[in-house]
Structure formats: structure tokens, C-alpha cells
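Beneath this line is the structure, given in C-alpha cells, with notes to follow.
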Amino acid sequence: MPAEQETAQEALTFSDLGLSAKVLSAVVDAGYTQPTPIQAGAIPHAIAGKDVLGIAQTGTGKTASFVLPMLTRLERGRARARMPRTLILEPTRELAAQVEENFVKYGKNHRLNIALLIGGVSFDEQERKLERGADVLIATPGRLLDHFERGKLLLTGVDIFVIDEADRMLDMGFIPDIERICKLIPFTRQTLFFSATMPPEITKLTEQFLQAPVRVEVARPATTNTSITQRFVKCGSKPWAKRARLRELIDAEGDTLKNAIIFCNRKSEVATLFRSLVRHEYDAGALHGDMDQRARMAMLENFRKGKLKLLVASDVAARGLDIPDVSHVFNFDVPIHSEDYVHRIGRTGRAGRSGEAFTLVTKADRKYVDAIGKLIGQEPEWLDGDLSTLTHEDDAEEKPRGRTGRRGPKKEASDAGEDKGQGSDARKGRKEAIKAENTERKARHDDASAQGERRPRKQDHRREREEDNSIIGFGDDVPAFMKIGIKG
DNA sequence: AAAAAAC
């Protein structure tokens, strides 16, 4: 980007973009004065009613670049029953909820009906909101079509249509759904289309559904010159070895570790690692797509609020989640697709802060690490020697005796008295999560063995199997945050 | 080798 353009953007403030007074005041109250490049580029065109093709990663201020102009444009007119005025499609439930939060935050001076249509929660409240007339409809594709097929929804009144994270929608096989939804919305609508990358399938979609779009492209947040320190850590391939290595890393970071997201490649691994960490008395929660939606929301909320220190997650948390203050990211598994690595570590080092990223690497991961090195354009920095320095002991078949082994049920943590207020909430949250995990496992009992979640068999007893019984001790108490349900 | 998303 030429230097003069950069200075021009630097001088720009939100008041230069043509936003309404109500929106502007909410933006100021939120503490923002200068728009990011994607906001500066997209907002004036979006307000002018033009189609926008925004090529931007998450973390570039993309969400506000469509929320703010939409709010401005929504000030004229009213919603009719079952005929939402705008529609925003998001690939995951958490992202949809996050966009809703943005509309609440920046729309605080407006009186708008916002409806969030996502799976995993009851239809009733969603239907009521549609019935009342939604100014803003935020949805994941499946639940949106479900409502449509039930006749609860007409898309013929949609004036502004937003497709967010289009390339991720592609990855997730949503394109047929998107095409179908597009055809239900009047041709005269305004379309705002966002994607981090432009593979051919996405280009085709934009040619099909956008009219003379203004293309706004911002550089992807660089992976090499950010404030994220990236380290790779050699590790034995046995699951217990990886878990032990992870605990060592966490312990070694001490107080510099404020909170962390720990990524696993599989949901089953998320569940196992989560239970293991809790059993070792770490303040941990879990987040993956097979969990009960309430537990997902509660976990994320607690992590955001700092009530939970470690969040073990699948790639559902890799992209887009806006948690400004994550000090560490651990890759318990090396991501198979190197772009996912960039997304994962991008959860730390946000909002001008510094971040630490550690990736556990086993022998089998060599080629994925090579691919990551290529993508980030730098040689992986190893914490204590690369894979060639793995000792035979590191990859031993048996768990060393007496190190982490523990016989019998562990007694309930004796920290009840020393808890400082908020800790107790966090502990309840953890218990609820375990409960959610257990219900889920019960439900999937039949195929559980395929996922390695089977109860320990007699001959397995030497392996580190997580003994759930030792840590389940629920009362009837339900923490307040669990009762809140889905806000709308 | 996976994850995500509708019931």
C-alpha cells in the first residue's frame, strides 16, 4: 500500500464515513474513533446502497464494516411480520451470536428487532421474533431454511443481504444452501459479500449474485510481523505424552499465561483432553460442535469474562471468534491444513497485545509443520530442539510409572474454602461442561467406540483413561448463566 | 487424519 494512502486513511475518522448520528454516537461510546481499512473502504459504498465485495480476514474489523452502514440504512422504514428487512448469513452459531452482539452494541440508540436463527436451540422464541417483524435477521443456513420450509419466514422483503465468511461456507459445503437462499431474495436487494480468500467457486458466486460490486480488499493480517511469538515443541506421539507435555508447557508459562485456547483436531480429543486437564486440577473448559448449545454459549461466555482460564476447542473456535485478550494459543495437534494454523494462532496477539503460540509436534506431523513453515514464510522456531532430537524415551510405548499415574478416584478438590468468589462459578461451569459431555456421550453410545470414547476395558487399565466417576459430583444447583438461555 | 451445520 502506498504511503500516502496510508496517511490518508490514518487521518480518516468515523465521522467522515457518512454514518448516521445515532450510529456515530454508539461507535464513539464504544471507544472507537478511527475506522480500520476495510471499514473505511466499505462503509461509504454500503451506505450508498452499492454491492460490496469485501476481501478481508476476520480480525480486520470486518463485522463493523457491514453492521454500521446497515444500522444507518435501517433507520428508515419498519419491519413487517415474517418479512425480515435484512439477512446476514454466518457459517457457525458462535459467529452468528457474535454478529448479534455487534448489532446490540452499535444499535443501542435504535429500536430494532433483531432475530438470531441458529440450530441447537428452541424454535419458539425464534418464531416469535420473526412474527414480530425482524429488522435484522442473523442466521446459520440450516436453521434459516428450516424456518423457511415451515412457512415462518418470507425473504421477499429483504433489502440488504450479507454473506459473511464465504470461503468458510464453501469449506463447510454450504454453497448449495447459499445459492438457494439467494434465489429467494429479491434481485433488487443490496448484497454485501465477505470472504478471506477468493477461490474460483467463490468468484463464480460473486459473479452470479453481486451487481457491479465495489471491491474492497485489505491485506491479510501478516503472520510473520505481528506480535505473536510462535514456537514448535517436539513431543512423543502417545496421547498421554502429549497431555503431559502440554501441562509442562502451561506450568512453565506461569503467570504470563493469563488464559489460553488449546486446539485439537478432533472433537473426541477435545473431550478427552478437557477431562484430563480438569482431573489434573486445571481451570479448563471445552468447546466443540457436538456439545449442547447452552454449554457452548456458557463456555465461551465464561472464557470471555475471564472466569475460565483454559479453553480446549475444536476448529469451531479457530476463526472469527472475537476474544480480545487471549494470552496463549496451544496447538495440541498440528492442524492438517496450514491455513487453519494461521487462524488458530490469530486468536492471540489481538488488539495490539502480544501473544504466545505453542504447537506440539510429533514425528508424524513433520509434513504439516513443513507446510506451515512455507505458509508463514519462516523456519519454525523450536523450543528445545527439532524433531531429530526426539529421544527414544520421548516416544516410549509405556507411560513412565509414578509420574502422572494415579490410583483410584481422586478426592474432590479441597479448594472449596479458598475460592475467591468467581472461582466457584468457574468450577460450576466446568461441572456443567462435564455433564454436557457426558449426556452427549450417552447419546452417542453406539458409535462411541469408533471415537475412542468407550469405557475403559479391563485390559486397558494401564493406559491413562479418564475416570469420569471420580469427578462427577453434581448438586441440583444450576449456575445463573446456564439459565439465561439465548439472548435475542 | 477433521470440523462445521437442520430436524
Side-chain angles (χ1 to χ4, degrees), chain A residues 58 88-99 116-124 126-127 130 138-153 163-181 196 237 239 242 261-274 286-293 295-297 299-300 311-321 331-344 347 359-372 440 443-444 447 450-453 486:
Chain A
T58 46
I88 299 152
L89 289 181
E90 293 289 334
T92 69
R93 298 169 187 176
E94 275 73 16
L95 285 177
Q98 198 167 283
V99 169
L116 177 66
L117 306 189
I118 59 174
V121 294
S122 123
F123 280 86
D124 299 348
Q126 297 179 356
E127 280 178 12
L130 289 173
I138 306 152
T140 46
R143 182 55 73 95
L144 181 88
L145 286 170
D146 208 338
H147 277 286
F148 181 79
E149 278 157 16
R150 289 164 187 237
K152 302 295 177 188
L153 178 64
I163 302 170
D164 197 14
E165 303 262 334
D167 51 352
R168 195 170 180 205
M169 302 255 203
L170 173 73
D171 288 345
M172 291 167 66
F174 279 156
I175 298 305
D177 287 347
I178 304 289
E179 287 177 329
R180 196 177 149 206
I181 294 164
S237 54
K242 294 182 78 174
I261 304 180
I262 304 164
F263 285 103
C264 302
N265 286 357
R266 294 176 198 74
K267 289 179 279 199
S268 58
E269 191 64 56
V270 170
T272 309
L273 177 60
F274 159 64
L287 184 67
H288 66 71
D290 278 354
M291 282 167 57
D292 168 58
Q293 189 59 28
R296 279 169 73 166
M297 294 272 188
M299 282 299 166
L300 200 54
L311 185 66
V312 188
S314 69
D315 277 319
V316 70
R319 300 195 200 193
L321 286 192
N331 289 310
F332 184 76
D333 298 309
V334 180
I336 292 159
H337 297 297
S338 45
E339 323 87 76
D340 287 335
Y341 173 83
V342 178
H343 289 296
R344 287 180 181 186
R347 296 311 99 209
T359 301
L360 292 184
V361 185
T362 70
K363 266 187 203 160
D365 298 324
R366 172 164 271 140
K367 57 178 178 290
Y368 303 119
V369 174
D370 290 346
I372 289 168
E440 172 228 318
R444 294 186 306 157
D447 62 273
Q451 311 209 18
E453 293 205 26
I486 311 305

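Order of the sequence lines sets the chain letters (A, B, ...), proteins ahead of strands, with each chain counted from 1.
For A:Arg319 and B:dA3, the shortest distance from a side-chain N or O to OP1 or OP2 is not below 4.0 Å. Contact annotation: A:Thr140 does not reach the phosphate of B:dA4 (side-chain N/O to OP1 or OP2, under 4.0 Å). Between A:Arg344 and B:dA2 there is no side-chain polar atom (N or O) within less than 4.0 angstrom of OP1 or OP2.
For the residue pair A:Leu130 and A:Lys152, the shortest heavy atom distance occurs at CD1-O, 3.7 Å.
The distance from atom CD1 of A:Ile181 to atom P of B:dA5 is 15 Å, rounded to the nearest whole Å. Taking atom CZ of A:Phe263 as the reference point, atom C1' of B:dA4 lies 14 Å away to the nearest angstrom. Atoms CG (A:Leu117) and P (B:dA5) sit 15 Å apart, rounded to a whole Å. As rounded to whole Å, 9 Å separates atom P of B:dA3 from atom CD1 of A:Ile336. One interatomic measurement links the two molecules: CG of A:Leu89 to P of B:dA5, which rounds to 14 Å at whole-angstrom precision.
Of the candidate nucleotides B:dA4, B:dA6, B:dA1, B:dA4 has the atom lying nearest to any side-chain atom of A:Val316. The side chain of A:Tyr368 has B:dA1 as its nearest neighbour among B:dA4, B:dA2, B:dA1. Looking at the side chain of A:Glu149, the nearest of the listed nucleotides B:dA6, B:dA5, B:dA1 is B:dA6. The side chain of A:Ser314 lies closest to B:dA3 when the candidates are B:dA3, B:dA6, B:dA5. Comparing B:dA5, B:dA3, B:dA1 by their nearest atom to the side chain of A:Lys367 picks out B:dA1.
Nucleic acid contact for A:Arg150: none, since no nucleic acid atom lies under 4.0 Å from a heavy atom of the residue. Across all strands shown, A:Arg168 has no heavy atoms under 4.0 Å from either base or sugar-phosphate atoms. Residue contacts shown for A:Phe123 are limited to sugar-phosphate atoms, with no base heavy atom under 4.0 Å away. Among the heavy atoms of the strands lying under 4.0 Å from A:Gly120 are primed sugar atoms or P, OP1, OP2 only; no base atom is included. Counting non-hydrogen atoms under 4.0 angstrom, A:Asp177 reaches nothing in the nucleic acid.
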Take A:Phe123 and A:Asp146 through the test side chain to side chain contact (heavy atoms under 4.5 Å, CB included) and record every step on the way to the result.
-> CA-CA 10 Å; A:Phe123 280 86; A:Asp146 208 338; 3.5 Å; yes
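Side chain A:His288 to base B:dA3: no donor-acceptor pair is found below 3.5 Å.
Partners of A:Tyr368 by side-chain contact (heavy atoms from CB on, under 4.5 Å), not counting sequence neighbours, listed by chain and number: A:Val334, A:Ile336, A:Asp365. Partners of A:Arg93 under the side-chain hydrogen bond (donor to acceptor under 3.5 Å, both in side chains) rule, at least two apart in sequence or in another chain, are A:Gln293.
Every stem involving DNA chain B, taken as at least 3 paired positions in a row under the Watson-Crick or G-U wobble test at 3.5 Å, would be listed here, but there are none.
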